[in-house]
Amino acid sequence: MNIVLLGAPGAGKGTQAAKLVESRGLAHISTGDILREAVKNQTELGVKAKGYMDAGELVPDDLIVDLMKERMEQPDTSEGVILDGFPRTTTQAVALDSMLSELERPLNAALLIDVDAEVIVARLTSRRMCRACGHICSVSDGQTCPKCAGEMYQRDDDNEETVRNRLDVFDKSTAPLIDYYQGQDLLVRIDGDRDPGVVFADVEAALGF
Ligand code: AMP
């Protein structure tokens with residue numbers, strides 16, 4: 001089963017993806033995580049991507065499509081993938097369709113996790129991430145990761161100005177994908193402004209589990 005998770009930054013895509021990995025054993029592919037790792041390791045991709053990411057802008061489509069082509073050929077994707085943060089533009093969505101058709105795999109659903117913009121600003125500016133394992137918490141949960149005791153930090157792009165820019169970028173570049181997947185009869189809209197466990201029950205139901 002191959003699933004696209006759509007939604008503004010901070011809508012809870014990563015949280016829902018982690019739950020799906022745990023319950024269904026699908027491979028989780030987050031382009032944001034891949035890019036952050038590349039920035040940390042100062043790879044060629046990381047050096048090219050950093051400026052865009054810090055400003056809350058999208059990394060150019062050709063870089064993203066190349067990295068996704070390589071990632072989709074890894075053996076762990078053969079049982080199915082949860083795509084978190086990709087595609088983010090119509091160009092990327094068209095590229096995904098051709099990647100999947102070359103691999104002779106279907107796209108089963110595009111789940112839109114829907115959350116009001118002001119709720120997202122509040123969520124993201126208080127979000128903290130574990131440097132060691134990537135676990136996500138709120139600033140009120142303390143400075144130590146509850147999962148691995150690693151150090152919690154605030155992502156460079158989770159300050160209010162950048163968050164608002166990321167939301168504008170979502171409206172302009174990514175929101176058109178809602179129509180794109182509606183047109184393919186793959187879109188399911190899920191209210192993401194609820195407890196993550198309640199949202200997940202809807203995610204599972206939407207996927208027929
Ligand atoms: P995320 O962790 O998904 O919020 O992504 C963090 C940042 O990485 C975004 O604000 C973009 O700068 C970049 N990024 C992640 N995925 C993509 C993508 N599919 N296309 C373009 N840029 C991306």
Ile178 side chain near Leu187 side chain, heavy-atom distance below 4.5 Å: yes
Test item: Asp158 and Arg128 side chains (from C-beta on) under 4.5 Å apart, heavy atoms: no
If hydrophobic clusters are built from ILVMFWY residues whose side chains come within less than 4.5 Å, do [X] and [Y] share one?
X      : Y      : answer
Ile64  : Leu103 : yes
Leu67  : Val47  : no
Val115 : Val199 : no
Val169 : Val121 : no
Leu107 : Leu112 : yes

Would you say that more than 12 heavy atoms from the other residues, nucleotides or ligands in this model lie under 6.0 Å from the [atom1] of [X], or not?
X      : atom1 : result
Gln154 : CD    : yes
Gln184 : CD    : yes
Asp185 : CG    : no

Worked check of side chain to side chain donor-acceptor pair (under 3.5 Å) between Tyr180 and Asp97: CA-CA 11 Å; Tyr180 183 88; Asp97 285 345; 2.4 Å; yes
Nearest-0.5 Å distance that lies between atom [atom1] in [X] and atom [atom2] in [Y]:
X      : Y      : atom1 : atom2 : result
Leu111 : Ile190 : CG    : CD1   : 4.5 Å
Leu35  : Leu63  : CG    : CG    : 8.5 Å
Ser30  : Lys13  : OG    : NZ    : 8.5 Å
Thr31  : Arg36  : OG1   : CZ    : 8.5 Å
Glu102 : Met72  : CD    : CE    : 11.0 Å
Asp33  : Asp84  : CG    : CG    : 7.0 Å

Please check: side-chain N/O of [X] versus main-chain N/O of [Y], any donor-acceptor pairing under 3.5 Å?
X      : Y      : answer
Asn165 : Ala55  : yes
Gln16  : Pro196 : yes
Asn41  : Thr43  : no
Ser173 : Phe170 : no
Asp141 : Cys137 : no
Asp114 : Asp191 : no
Arg164 : Glu161 : no

Audit row: Asp76, Arg71, salt bridge (Lys or Arg N to Asp or Glu O under 4.0 Å) steps and yes/no: CA-CA 9 Å; Asp76 67 327; Arg71 184 64 186 88; 2.7 Å; yes
Charged N-O contact under 4.0 Å between Glu44 and Lys48: yes
Lys/Arg N to Asp/Glu carboxylate O, Asp61 vs Arg88, below 4.0 Å: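 No, no charged N to carboxylate O under 4.0 Å.
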Residues Thr77 and Arg105: side-chain donor-acceptor under 3.5 angstrom: yes
Distance-only donor-acceptor check, side chains Asp157 and Tyr52, under 3.5 Å: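 On atom types as modelled, these side chains do not qualify, holding no pair under 3.5 Å.
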Derivation of the side chain to side chain donor-acceptor pair (under 3.5 Å) call for Thr162 and Asn159: CA-CA 6 Å; Thr162 310; Asn159 65 78; 3.0 Å; yes
Test: Arg24 cationic atom under 6.0 Å from Phe209 six-membered ring centre, within 45° of axis: yes
Verdict with reasoning, Asp54 to Lys50, per salt bridge (Lys or Arg N to Asp or Glu O under 4.0 Å): CA-CA 6 Å; Asp54 285 347; Lys50 187 175 183 335; 2.5 Å; yes
Verdict with supporting geometry, Asp202 and Arg194, salt bridge (Lys or Arg N to Asp or Glu O under 4.0 Å): CA-CA 11 Å; Asp202 278 4; Arg194 295 172 297 164; 2.7 Å; yes
